[in-house]
There are 2 protein chains.
Amino acid sequence: MSVHSHEAVVSRAKKDFPSEEELYDMTNLFKMFADFTRVRILFALLRSEMCVIDIAMLLGMEQSAISHQLRLLKQGKLVKARREGKHILYSLDDSHVEQILDCGIEHIEER
Amino acid sequence: MSVHSHEAVVSRAKKDFPSEEELYDMTNLFKMFADFTRVRILFALLRSEMCVIDIAMLLGMEQSAISHQLRLLKQGKLVKARREGKHILYSLDDSHVEQILDCGIEHIEER
DNA sequence: ATATAATATGAATGGTTATTCATATGAACA
DNA sequence: TGTTCATATGAATAACCATTCATATTATAT
């Protein structure tokens, strides 16, 4: 005989649950780190600011593909841009980016 | 006149770059957290172990949908299962899950 | 052993998204 | 001011993925 009460478990779990909006924002943040290309871009920018062409060369990809991804990263406020002569140099915009990447690395290494 | 040397910037960035495999594993980890349903499941399990039906009720979703997502979370070693009578109770399998969720919350709150 | 309740699975569908190609924009330097 | 180079953009394509519906599997408890 089961002692499991769905209602009790569910109503208990409902307390202190993050708001829909917080959860939504959070998944959107993690989506930024859930793509191979974007993660590599962020790792590249961890060391120094770079222009689009630099990143495209580094990753062996089309300039256009990098540009599209940089736009997403900029919208997500993970990356910022400044002009230097002919080039636009991108760098990390958020102190948390490194922290989140570290969090991921740490997890991966302990396997 | 530009002082920017693509070759220099790129070869500098290539040093100490994580391996393809590490980056791949990392994006796969973040993919787990990049879905609204999965994040809510993880938050639910943060408090107590629950069966599939509990989670489906809590989130107002089909049992089948939850089951599919639990399979992914189990494959990703973020969640584990044990049988208790008629039910299979799921719980977090990884001490890092909470840490990563906290990381996300922290980031969101400072906006 | 069988019936039942809980969970898992497979195929199908719709929605999302990364990339490419072609082209537009825009700033810089002559 | 015009030309050139770096970057951005739009449309199209293809791959991916979450959900649903229908059904299969599995363990339990009688």
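Chain naming here is simple, since letters A, B, ... match the order of the sequence lines and numbering starts at 1 in each. All values reported here derive from a predicted model rather than from experimental measurement.
From Leu58(A), atom CG reaches atom CD1 of Ile41(A) across 9.5 Å, with rounding to the nearest 0.5 Å.
Going from atom CG of Leu89(B) over to atom P of dA8(C) covers 11 Å, rounded to whole Å. Regarding Glu84(B), its CD atom lies at a distance of 12 Å from the P atom of dT7(C), rounded to whole Å. One interatomic measurement links the two molecules: CG of Leu70(B) to C1' of dA8(C), which rounds to 11 Å at whole-angstrom precision. For Arg83(A) and dG26(C), the CZ to P distance is 11 Å, given to the nearest whole Å. Protein atom NE2 of His4(B) is 19 Å distant from nucleotide atom P of dA27(C), rounded to whole Å. Met57(B) places its CE atom 12 Å from the P atom of dA6(C), with the value rounded to the nearest Å. Taking atom CG of residue Asp54(A) and atom P of nucleotide dT7(D), one finds them 8 Å apart after rounding to whole Å. Straight-line distance from the CD1 atom of Ile55(A) to the C1' atom of dA8(D): 14 Å, rounded to whole Å.
In the helix from dA1(C)-dT30(D) to dA30(C)-dT1(D), the rotation axis of the first five pairs and that of the last five pairs differ in direction by 30°, rounded to 10 degrees.
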Report all interatomic pairs (protein N or O, nucleotide N or O of nucleotides 3-6 of chain D) with separations under 3.5 Å.
from   : atom 1 : to       : atom 2 : distance (Å)
dA6(D) : O3'    : His87(A) : ND1    : 3.4

Scan nucleotides 15-20 of chain C against the protein and return all N/O pairs shorter than 3.5 Å with their distances rounded to 0.1 Å.
from    : atom 1 : to       : atom 2 : distance (Å)
dA18(C) : OP1    : Arg38(A) : NH1    : 3.1
dA18(C) : OP1    : Arg38(A) : NH2    : 3.1
dT19(C) : OP1    : Thr37(A) : OG1    : 2.7
dT19(C) : OP2    : Gln69(A) : NE2    : 3.1
dT20(C) : O4     : His68(A) : NE2    : 3.4

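Listed by chain and number, the residues in a salt bridge (charged side-chain N to carboxylate O under 4.0 Å, His left out) with Arg82(A) are Glu49(A), Glu84(A) (sequence neighbours excluded). Under the side chain to side chain contact (heavy atoms under 4.5 Å, CB included) criterion, Ile53(B) pairs with His6(A), Cys51(B), Met57(B), not counting sequence neighbours.
A side-chain donor-acceptor contact under 3.5 Å links Glu22(A) to the backbone of Ser19(A). Put simply, the side chain of Arg47(B) gets close to the backbone of Phe43(B): a donor and an acceptor are under 3.5 Å apart.
Using a 4.0 Å cut-off, some side-chain N or O of Tyr90(B) falls inside it from OP1 or OP2 of dA8(C).
Using a 4.5 Å heavy-atom threshold, the side chains of Val52(A) and Tyr90(A) count as touching. Side-chain contact between Leu73(B) and Asp93(B): absent, with no pair of heavy atoms (C-beta onward) separated by less than 4.5 Å. Ile100(A) places a side-chain heavy atom less than 4.5 Å from the side chain of Phe30(B).
Using cut-offs of 30° and 60° on the angle between ring planes, the pair Tyr24(A) and Phe36(B) is perpendicular.
Applying the side chain to side chain donor-acceptor pair (under 3.5 Å) definition to pairs two or more places apart or across chains, those involving residues 34-46 of chain B are Arg38(B)-Gln69(B).
The minimum heavy-atom distance linking Ile88(B) with Ala81(B) is given by the pair CG2-CB, 3.7 Å.
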